[in-house]
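Model, not experiment: these values are computed from the prediction. In what follows, every heavy atom counts, from backbone to side chain, and hydrogens, waters and symmetry copies are set aside. Numbering starts at 1 and runs along the sequence shown.
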Amino acid sequence: AVPATPPEATEPLSYFADGGLATYRDPVDDVTLTVRCAPFAGFHAYRFAQGPCDRMGSAPGAGHFTVSLGTAPRLVTPDGGYKLQSAVRTCLLVDDRGQFGDVGYPMSIPSKRYRGEEIVFARWDNKENTGWIRLNLAPAYPEEYGLLSYSRDLLLYPGEHILCRDTVAADAPHRWSWLFQGKREIGVALDGLRAVFGDAPTLTIAPLGIPALTARVEETPVVWSYASVSGFKVFEHVRYDSEDTTTFAQVEFVLTWK
């Protein structure tokens, strides 16, 4: 028999492996993080449905994630519009260049090949009351960038903070740029190197690690189509750039809220 009410989740972190989707809800502060990294329609469909529309793609931004504070979105997903580009996602740029498919396709990328970027695992430790999501993102970038490895770890601490740790190594020096997407109407600002998204509630992001970074707020370059999920609202992002070119970077972005 179907239960009268759905069972309550036993852990704050849910992971749907076929769709490459992980969702975390902080049970203390009602903070929600969502990250997806998989083929368009999931791994099963990618294997068995091989038409150009079944294997299409949207803006190339593996590693992109969103964060809401209660019902208030703070890190968001901008419209893809008529130019699909990594610059409209919360992701890493290498020498100001994006991921595979970042060539300006309009609306969707047909027959997009899956290259192996994935959520490696999503784990919850009931004893320590912490969570850990790890992504392997190196396959999402063209071979000519020479990335040897690139992992994104999302470490979840209920009632305290979320830590996004990016570790990337390459065979030659690069300038690294990290983007975090918000909405102008919500408020996107900087306090030194600390990014501030929204007011009451407020999400802040503070970077730690190497290399040294600079920061600025920019308008997200959406090329609008004839329709807009967001209602044609302007998106802005905080952009962190490495001061120098390096072959290795490990930066921790500490997300807190109030």
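Atom-to-atom distance recorded for Leu84:CG and Ile109:CD1 is 5.0 Å, nearest 0.5 angstrom. Atoms SG and CD1, from Cys37 and Ile133 in turn, are 11.5 Å apart once rounded to the nearest 0.5 Å. In this structure, CG on Asp171 lies 9.0 Å from OG1 on Thr247, to the nearest 0.5 angstrom. One finds the CG atom of Asp54 at 15.5 Å from the NZ atom of Lys112 (value rounded to the nearest 0.5 Å). The line from CG of Leu137 to CG of Leu147 is 10.0 Å long, rounded to the nearest 0.5 Å. Expressed to the nearest 0.5 Å, how far CG of Leu163 lies from CG of Leu154 amounts to 9.0 Å.
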Problem set entry | Chi angles and distances behind the ring-ring contact (aromatic ring centres under 6.0 Å, His included) call for Trp224, Phe232 | CA-CA 7 Å; Trp224 298 105; Phe232 299 99; 5.5 Å; yes

For this session: Show your working on side-chain contact (heavy atoms from CB on, under 4.5 Å) between Thr32 and Val67 and close with a plain yes or no.
Result: CA-CA 6 Å; Thr32 303; Val67 174; over 6 Å; no

For this session: Quick one: do Ser230 and Phe235 satisfy side-chain contact (heavy atoms from CB on, under 4.5 Å)? Show the steps, please.
Result: CA-CA 9 Å; Ser230 69; Phe235 295 91; 3.5 Å; yes

For this session: Could you go through the side-chain contact (heavy atoms from CB on, under 4.5 Å) check for Phe248 and Ile210 one step at a time?
Result: CA-CA 8 Å; Phe248 176 79; Ile210 55 171; 4.1 Å; yes

For this session: Evaluate the side-chain contact (heavy atoms from CB on, under 4.5 Å) criterion for residues Lys233 and Ser228: first the C-alpha distance (whole Å), next the side-chain angles of each, then the deciding distance (0.1 Å), finally the verdict.
Result: CA-CA 9 Å; Lys233 299 294 180 64; Ser228 169; over 6 Å; no

Exercise. Side chain to side chain donor-acceptor pair (under 3.5 Å) between His44 and Asp18: does it pass, once the steps are laid out?
Worked result: CA-CA 7 Å; His44 180 85; Asp18 182 65; 5.4 Å; no

For this session: Test Gln250 against Thr167 for side chain to side chain donor-acceptor pair (under 3.5 Å), laying out the working first.
Result: CA-CA 4 Å; Gln250 184 174 74; Thr167 306; 2.9 Å; yes

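A continuous path of hydrophobic side-chain contacts links Tyr226 to Val223 [ILVMFWY only; heavy atoms under 4.5 Å]. When the side chains of ILVMFWY residues are joined at heavy-atom separations under 4.5 Å, either directly or via intervening members, Leu75 and Leu190 end up in a single hydrophobic cluster. Tyr150 and Phe121 are not part of a single hydrophobic cluster, where members link through side-chain heavy atoms under 4.5 Å apart. In this structure, Leu93 is not a member of the same hydrophobic cluster as Phe100, with clusters built from ILVMFWY side-chain heavy atoms closer than 4.5 Å. Under a hydrophobic-cluster definition in which Ile, Leu, Val, Met, Phe, Trp and Tyr are linked whenever side-chain heavy atoms come within less than 4.5 Å, directly or via other members, Val88 and Leu92 are assigned to different clusters.
Heavy atoms only, all atoms of each residue included: Pro78 and Arg89 are closest at O-NH1, 2.9 Å. The minimum heavy-atom distance between Val238 and Ala195, with the atom names listed, is CG2-CB, 3.7 Å. The two residues Ala22 and Ala122 make their nearest non-hydrogen contact at CB-CB, 4.4 Å. Smallest separation of non-hydrogen atoms from Ala200 and Thr202: N-OG1, 3.3 Å. Taking every heavy atom of both residues into account, Trp176 and Ala170 meet most closely at CH2-CB, 4.0 Å. Of all the heavy atoms in Leu179 and His237, the pair that sits closest is CD2-CD2, 3.8 Å.
In this pair, Phe65 and Phe180 present their aromatic rings perpendicular. The plane angle is above 60°, beyond the 30 to 60° band.
The backbone N or O of Asp29 lies less than 3.5 Å from a partner atom in the side chain of Asp26, making a donor-acceptor pair. A donor-acceptor distance shorter than 3.5 angstrom exists from the side chain of Asp125 to the backbone of Lys127, with no hydrogens or angles considered. Side chain of Ser86 to main chain of Pro60: a donor-acceptor pair is present (N/O by atom type, distance under 3.5 Å, no hydrogens or angles).
Under the side-chain hydrogen bond (donor to acceptor under 3.5 Å, both in side chains) criterion, the residue pairs touching residues 130-143 are Gln99-Tyr141, Trp132-Asp153, Arg134-Asp153, with sequence neighbours excluded. Sorted by first and then second residue, the pairs that involve residues 67-77 and meet side-chain hydrogen bond (donor to acceptor under 3.5 Å, both in side chains), not counting sequence neighbours, are His64-Thr77.
Between Leu208 and Val254, the closest side-chain pair of non-hydrogen atoms falls below 4.5 Å. For the pair Thr245/His174, no side-chain contact is recorded, criterion being any heavy-atom separation below 4.5 Å from C-beta on. No side-chain heavy atom of Ser242 sits under 4.5 Å from any side-chain heavy atom of Val251. Using a 4.5 Å heavy-atom threshold, the side chains of Glu11 and Asn126 count as touching. You'll find the side chain of Leu13 reaches within 4.5 Å of the side chain of Leu156, heavy atoms only. Residues Leu155 and Ile162 have side chains not in contact (no heavy-atom distance under 4.5 Å, counting atoms from C-beta outward). No side-chain heavy atom of Thr23 sits less than 4.5 Å from a side-chain heavy atom of Leu33. Put simply, the side chain of Tyr145 reaches to within 4.5 Å of the side chain of Arg97, judged on heavy atoms.
The aromatic ring centres of Tyr114 and Phe43 sit less than 6.0 Å apart. Checked against the 6.0 Å centroid criterion, the rings of Phe253 and Trp178 qualify as a close aromatic pair.
Side-chain atoms of Glu236 and Thr220 include no donor-acceptor pair closer than 3.5 Å. Residues Trp257 and Thr204 have side chains that never bring a donor and an acceptor to within less than 3.5 angstrom of each other.
Atom NZ of Lys83 has 12 or fewer neighbouring heavy atoms from other residues, nucleotides or ligands inside a 6.0 Å radius.
Taking the charged nitrogens against the carboxylate oxygens, Asp166 and Arg152 do have a contact shorter than 4.0 Å, which makes a salt bridge. A salt bridge is defined here as a Lys NZ or Arg NE, NH1 or NH2 lying under 4.0 Å from an Asp or Glu carboxylate O, and Glu219 with Arg184 meets this definition. Look at Asp30 and Arg25 and you find a salt bridge, because one of the NZ, NE, NH1 or NH2 atoms lies within 4.0 Å of a carboxylate O, short of that distance.
Residues passing the side chain to side chain donor-acceptor pair (under 3.5 Å) test with Asp241, sequence neighbours excluded: Ser177, Arg216, Arg239.
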